[in-house]
Each structure stands twice: as C-alpha cells, then as structure tokens.
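Notes to accompany the following structure.
Just the heavy atoms: all of them, side chains too, but no hydrogens, waters or symmetry mates, feed the values below. Residue numbers run from 1 in the order of the sequence given.
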Amino acid sequence: MLKTMKRLIITVASSLAVALIAGSCNAFLEENFKTALSPKYYFKTEQQIVAGVNGLYTFVDDLFEGDVEVGTQNFIFLDYLPGYAIRPRSAGSIYLSQAMSLTVSEENTVIEKLWRSAYTAIENCNGVIAGIESSGVTMDAVTKDKLLGEAYFMRAYHYFNLVRLWGEVPLKTTVTTDLSDVKIPLSSQEDIYGRIVTDLVHAADLMAASPWTSTDGHVTRGAVYTLLAKVYLTMAGYPLQKGTEYYAKAYETAHEVYASGQFYLFPDYAALRDPANANAGEHIWMIQCEQQYAGSPVHNDMLPYPEPEKPISANSAFGGALAPAQAFYDSYTEGDLRTAEKGYYYTEHEATDGSGVVQLDRPYIYKYWDSNCASTGKSGMNYPLLRYADLLLVMAEAKAQADGGSTTDRDAVDAYWMVRGRALPEASKPGSVTFEEVYRERLWELCFESQTWFDLLRTRKILNVTTGEVVNLIGYEAPGHNEGCRFEEEDLLFPYPLREKRLNPNLTR
C-alpha cells in the first residue's frame with residue numbers, strides 16, 4: 001500500500017495553481033506529475049476518488065525538499081530555529097545560516113518552498129473536497145466519508161503550519177477558477193484557527209465509523225483527534241491566548257485518544273527505528289517513505305561530519321546536517337536512557353568493514369538510524385509527524401495548565417509518566433506534575449522531529465540548558481545560535497516570501 005500511495009500521484013488542482021507553482025515537484029518521487037483536472041470533470045469513479053485523496057499525501061513529504069547542497073531540507077531548517085542543534089558541516093547557503101542567526105529574510109528560499117508547498121496542497125485539498133462532495137459515485141458510505149475526512153484533515157494540517165509560521169495568511173477554501181481569484185486578502189489568525197478546528201471536527205465526524213489506527217499510512221481517526229488536541233493547546237497559548245477553556249478542550253480531545261486504548265509507547269527507543277513498527281503502536285501518523293522510489297534523506301543527513309576515518313555507513317560523506325548542541329545533550333537528567341548509547345544519540349559505532357568500533361568526535365542523533373540504509377545507501381524509513389508520546393505530553397500539559405500550572409489528575413500524571421518513566425525506569429512516579437516538568441519532557445522527547453519550534457512559539461518559553469529552568473523565550477541565547485543572538489519578538493514569525501508578495505500585494509504587515 002505504501003508503494004501504491006507514493007506512485008499514484010494524481011493531484012486535482014486548477015490550471016492556475018499549476019501555472020504559478022509548477023516548480024514544486026517532489027524530488028523523492030519516481031513519478032510526480034501534476035495535472036489540472038477539474039472537480040467538475042473528475043471524480044466520476046471510486047478509483048478516481050481514491051487516487052485524488054492519495055495524491056494529497058505527496059505534499060506532506062515536501063518537508064524533505066531541499067537544494068543541491070547536502071543537508072538543506074526544510075525539516076533541517078526548522079530544527080535550526082530553536083537553537084538546540086548545530087550544523088557540523090559548514091553551510092554554503094546563506095539561507096540556512098539565517099536560521100542560526102535568527103535573521104530569516106523574505107528572499108529565503110526555504111520559507112518560499114514551505115509557503116508554496118502548503119498552498120499547492122491546500123488548492124488540491126479544495127479540489128478534492130469539492131469533487132467528492134459533488135460526486136454521485138455509488139460506493140461504500142464509510143469509505144467515502146473516510147476519504148473525505150482525510151482531505152479535510154490535510155487542509156487543516158497545512159493551514160495549521162502556515163498560521164503558526166506566518167500568523168495572518170490568506171484563507172481560501174474553494175477551488176481557483178479564475179485569474180481574478182488569486183490576490184486574496186489576509187485573514188486574521190482567529191479566523192484561520194476557526195477554520196482549522198471546523199475542518200478537523202468535521203473530519204472526526206466523517207471518520208466516526210472508521211478505525212482509530214491503520215498500518216497503511218493513511219490519516220486515521222487517531223491522527224485527527226491528535227492534531228485537534230495540538231490545535232486546541234496552541235490556541236490556549238500564543239498568539240490567541242484563549243487560556244483555561246482551550247487547555248480543557250486540548251485535554252479532553254487528547255483523552256479521547258488515550259481512552260481509545262489503540263496506541264501505546266514502545267518499550268524502548270530501538271523500537272522507534274524498527275521498520276516493522278511503521279504506522280503502528282506509537283506512530284500515529286508518518287511520512288511514508290519507500291526505499292526505491294521515495295526514499296528518506298534523514299539517516300544520511302544526520303551522519304557524523306567530518307567523515308570518520310573508518311566509514312560507519314554506506315554514505316558516510318553525506319552527513320553533518322544536524323547534531324545536538326553539546327549543552328542541549330548535557331541538559332538531560334543523569335541516567336536518562338535517551339542519552340544512553342544508541343538511545344536518541346550515539347558517540348561511537350561499528351565500522352562498516354567490521355574492523356571495530358569507531359569513536360566519534362561528539363554526540364550525534366541516532367533517532368533515525370536506518371540499518372538498511374547503512375548497508376545499501378538508500379533509506380525507506382518513515383518519518384514521524386504525530387507520535388503517541390507527543391499526544392501523552394499534550395494531555396499532561398493541557399491538564400496542568402487548565403488546573404492552574406500543576407495537576408494531580410491521575411490520567412494526566414500517568415500520561416506524563418509513561419514518557420518520563422520510559423526514559424528513567426528507576427525513578428519514582430510523582431503524585432502531581434507541573435507545566436514546567438511536562439514542557440521540559442517535551443523538549444527532550446520530541447527533539448529534532450520538526451516540533452520544537454512550534455512549541456517555543458505557542459508557549460514563549462524555552463529550556464535554559466545551563467540552569468535546567470524553563471525561562472522566557474524572548475531574550476534567551478540558545479547554544480546552537482550564533483554568539484550574541486537572542487530571541488526577539490520579530491523573530492517569531494517568518495516574513496512573507498518575496499516572490500509571493502509580488503504575486504499578491506495583500507501580503508503586508
């Protein structure tokens with residue numbers, strides 16, 4: 001099914017969207033044709049409906065889009081922004097270095113790609129939604145509703161990324177049919193979040209009779225509720241600051257997933273990397289990768305650099321894109337299994353020629369080590385977008401905040417302890433948990449998963465890796481940023497990409 005999804009890339013977009021954004025092809029797909037099929041003339045068979053929805057998934061792995069230079073993918077850029085990572089390989093691109101100096105400019109090609117990908121995906125979502133809703137195809141109602149729910153989820157997902165990264169953006173929920181329909185005004189963040197919630201609630205209703213989980217890589221009911229819980233948690237914090245009511249909504253929604261009993265944490269960190277566990281257990285939703293046609297760059301990006309004297313992987317020279325800042329690595333609690341050798345990190349590895357163990361110059365990220373790629377040079381390892389550990393920490397944080405900063409709620413404490421206890425199995429479970437405790441755990445657990453920047457934005461808080469305290473984001477100097485760079489308010493939203501401003505004069509602040 002994974003191979004089928006990645007190769008049936010039939011996207012339903014207007015000719016206008018294709019004309020404006022023709023450069024958004026995905027370099028990791030063997031077949032990547034984008035057509036200008038109108039919902040009016042497509043969606044005449046069940047197969048076309050399935051293909052249209054499958055086509056929406058091609059935009060999710062645009063996180064892997066990058067330049068010719070090694071380790072320039074979009075997800076790498078997002079993990080430079082919090083300042084907990086370094087780039088061992090020197091960056092030839094000024095646009096990468098802008099993330100490390102907090103000087104992201106409107107000419108930055110990474111933010112242009114993120115914007116373009118999101119809006120191309122949204123245009124396709126609009127077309128698929130309109131096509132399915134107007135289709136008279138006779139098919140199983142549960143299946144049709146689930147497919148429509150996937151399309152609503154996808155639109156919400158892309159708008160959620162846009163509004164967090166840019167704030168006010170154009171809100172468009174209909175198919176483009178005319179050249180006059182492109183210069184769209186900005187919508188308020190309140191309105192955009194309102195649409196995101198509406199889409200996710202509708203997706204949940206449509207998928208009420210569908211399973212919570214699936215191993216085929218498609219969005220499930222579990223993914224819908226997990227994303228909705230994260231949206232409510234974000235709305236409770238910055239920039240909307242809706243507070244207690246929305247913390248309670250986030251807890252209740254996350255608790256739906258928790259109470260379903262359909263997800264579980266893996267017993268150890270090695271299981272996160274096991275291909276046999278893809279789309280199962282702890283993995284709620286992942287980018288689907290296929291070794292031959294739609295491979296993942298992540299294993300290679302995170303290899304040591306400079307290349308060790310003896311290679312430890314087939315593509316040893318391709319590494320150096322991302323590694324933990326030493327101060328962040330040192331901030332974990334003593335005895336934390338995530339910093340045990342080959343937990344989340346490693347400082348040594350066996351040479352590929354079997355001649356012994358190679359000592360590395362510093363800690364490197366082991367979360368995405370792909371043993372198959374180490375021997376073949378090609379990775380088919382999926383990339384996590386929503387994990388049960390994330391959901392559990394959303395649940396615990398939301399309840400702690402709803403209760404005034406600390407909670408004794410049994411389920412919230414249990415949710416926190418599932419994650420914390422896996423890392424420190426010899427520690428004692430607490431009777432209560434605070435926001436600060438949960439937040440520290442989020443930063444340690446979900447590091448280098450393209451999540452941390454969004455957590456900093458919604459809380460305006462960060463872990464001071466020297467003192468171990470959770471402190472205000474504004475004014476903090478992170479260890480992975482250039483010396484003297486401190487977070488300022490104007491650093492928290494991307495500028496509108498220059499190319500898009502030229503196309504749409506409404507993109508002003």
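- We find that Lys113 and Glu65 are not joined by a salt bridge, their nearest charged nitrogen and carboxylate oxygen being 4.0 Å or further apart.
- In this structure, Cys125 and Val128 have side chains that are not in contact, with every pair of non-hydrogen atoms separated by 4.5 Å or more.
- Looking at Thr213 and Ile284, their side chains never come closer than 4.5 Å, going by heavy atoms from C-beta outward.
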Test side chain to side chain contact (heavy atoms under 4.5 Å, CB included) applied to Asp330 and Thr339, step by step: CA-CA 9 Å; Asp330 291 339; Thr339 56; over 6 Å; no
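- The heavy-atom pair separating Val358 from Pro308 by the smallest distance is CG1-CB, 3.8 Å.
- Distance alone, capped at 3.5 Å, places no donor-acceptor pair between the Asp62 side chain and the Ser117 backbone.
- Counted within 6.0 Å of CD on Glu334, heavy atoms from surrounding residues, nucleotides or ligands total 12 or fewer; the atom is thus considered open.
- Once rounded to the nearest 0.5 Å, the distance linking CD of Gln73 with CG of Asp301 reads 4.0 Å.
- Under the 6.0 Å cut-off for aromatic ring centres, Phe75 and Phe64 qualify, their centroids lying closer than that.
- When only modelled atom types and interatomic distance are considered, Glu469 and Asn464 share no side-chain donor-acceptor pair under 3.5 Å.
- Residue Ala203 comes nearest to Val224 through the heavy atom pair CB-CG1, 4.1 Å, listed as atom of the first residue, atom of the second, then distance.
- Side-chain contact, Ser101 with His481: no donor N or O sits under 3.5 Å from an acceptor N or O.
- Judged by distance alone, the side chains of Glu112 and Asn108 never bring a donor and an acceptor atom under 3.5 Å apart.
- To the nearest 0.5 Å, atoms CG (Asn382) and CE (Met286) are separated by 4.5 Å.
- Under the 4.5 Å side-chain criterion, counting only non-hydrogen atoms from C-beta, Leu303 is in contact with Trp369.
- Nearest heavy-atom pair across Lys378 and Asn372 is O-ND2, 3.8 Å.
- With respect to Arg387, the side chain to side chain contact (heavy atoms under 4.5 Å, CB included) criterion is satisfied by exactly one of Thr226, Leu265, Leu446, Val419: Leu446.
- Taking the six-membered ring for Trp, Tyr332 and Tyr345 have ring centres closer than 6.0 Å.
- Remark: the Asn279 side chain and the Gln288 side chain contain an N/O donor-acceptor pair separated by less than 3.5 Å.
- Annotation: side chain of Asn74 is not in contact with side chain of Phe77 (no heavy-atom distance under 4.5 Å).
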Trace of the side-chain hydrogen bond (donor to acceptor under 3.5 Å, both in side chains) decision for Thr459 with Tyr439: CA-CA 9 Å; Thr459 64; Tyr439 192 58; 2.9 Å; yes
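- Atom CD of Glu307 is separated from atom CZ of Arg89 by 9.5 Å, given to the nearest 0.5 angstrom.
- Taking the six-membered ring where the residue is Trp, the centroids of His283 and Phe263 are separated by 6.0 Å or more.
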Met302 and Tyr366: CA distance, side-chain angles, deciding distance, side chain to side chain contact (heavy atoms under 4.5 Å, CB included) verdict: CA-CA 8 Å; Met302 298 187 183; Tyr366 202 71; over 6 Å; no
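- Legend: residues meeting side-chain hydrogen bond (donor to acceptor under 3.5 Å, both in side chains) with Asp199, ordered by chain and number and at least two apart, are Arg155, Arg195.
- A salt bridge links Glu445 to Arg422: one of the charged nitrogens lies within less than 4.0 Å of a carboxylate oxygen.
- Heavy-atom neighbours of Gln241 CD from other residues, nucleotides or ligands within 6.0 Å: above the threshold of 12.
- In the model, Ser379 has no side-chain atom that pairs as donor or acceptor with a side-chain atom of Gln291 under 3.5 Å.
- For residues 227-239, the set of pairs meeting the salt bridge (Lys or Arg N to Asp or Glu O under 4.0 Å) definition, not counting sequence neighbours, comprises Lys230-Asp390.
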Worked verdict on Phe487 versus Leu81 for side chain to side chain contact (heavy atoms under 4.5 Å, CB included): CA-CA 10 Å; Phe487 288 101; Leu81 291 166; over 6 Å; no
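- Taking the side-chain hydrogen bond (donor to acceptor under 3.5 Å, both in side chains) definition, one finds that Asp274 meets it with nothing, sequence neighbours left out.
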Worked check of side-chain hydrogen bond (donor to acceptor under 3.5 Å, both in side chains) between Ser214 and Asp216: CA-CA 6 Å; Ser214 173; Asp216 65 6; 2.6 Å; yes
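- For Lys172 and Glu123, the salt-bridge test passes: some basic side-chain N is under 4.0 Å from an acidic carboxylate O.
- Using a cutoff of 4.0 Å between basic side-chain nitrogens and carboxylate oxygens, Glu436 and Lys461 are not scored as salt-bridged.
- A search for ring pair (Phe, Tyr, Trp, His ring centres under 6.0 Å) contacts involving Tyr368 returns Tyr383, not counting sequence neighbours.
- Paired with Phe153 under the rule ring pair (Phe, Tyr, Trp, His ring centres under 6.0 Å), one option of Trp285, Tyr159, Phe160 passes, and it is Trp285.
- Under a cutoff of 6.0 Å and an axis angle of 45°, Arg458 and Tyr238 do not form a cation-pi pair.
- Taking the ring axis of Tyr80 as reference, the NZ or CZ atom of Arg87 does not stay both within 45° of it and closer than 6.0 Å to the ring centre.
- Not counting sequence neighbours, Asp268 has no partner by the side-chain hydrogen bond (donor to acceptor under 3.5 Å, both in side chains) test.
- Side-chain atoms of Glu348 and Gln359 include a donor-acceptor pair closer than 3.5 Å.
- Between the CD1 atom of Ile287 and the OG atom of Ser296 there is a distance of 8.0 Å, given to the nearest 0.5 Å.
- For Ser355, the side-chain hydrogen bond (donor to acceptor under 3.5 Å, both in side chains) partners at least two apart in sequence or on another chain are Lys310, Asp353.
- Both cation-pi conditions hold for Lys367 and Tyr344: the charged atom is under 6.0 angstrom from the six-membered ring centre and inside a 45 degree cone around its axis.
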Test side-chain hydrogen bond (donor to acceptor under 3.5 Å, both in side chains) applied to Trp444 and Ser331, step by step: CA-CA 9 Å; Trp444 288 325; Ser331 72; 3.0 Å; yes
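- The side-chain heavy atoms of Leu227 and Tyr232, taken from C-beta on, include no pair separated by under 4.5 Å.
- Put simply, the side chain of Asn277 never gets that close to the backbone of Ala280: no donor and acceptor are under 3.5 Å apart.
- To the nearest 0.5 Å, the span separating CG on Asn124 from CG on Leu56 amounts to 6.5 Å.
- Of the inter-residue distances, the one linking Glu500 atom CD with Leu507 atom CG reads 7.0 Å to the nearest 0.5 angstrom.
- No side-chain donor from either of Asp67 and Thr72 sits under 3.5 Å from a side-chain acceptor of the other.
- Between Glu107 and Arg502 there is no salt bridge, since none of the side-chain N atoms of the basic residue sits less than 4.0 Å from a carboxylate O of the acidic one.
- Paired with Thr333 under the rule side chain to side chain donor-acceptor pair (under 3.5 Å), one option of Glu441, Arg338, Arg420 passes, and it is Arg420.
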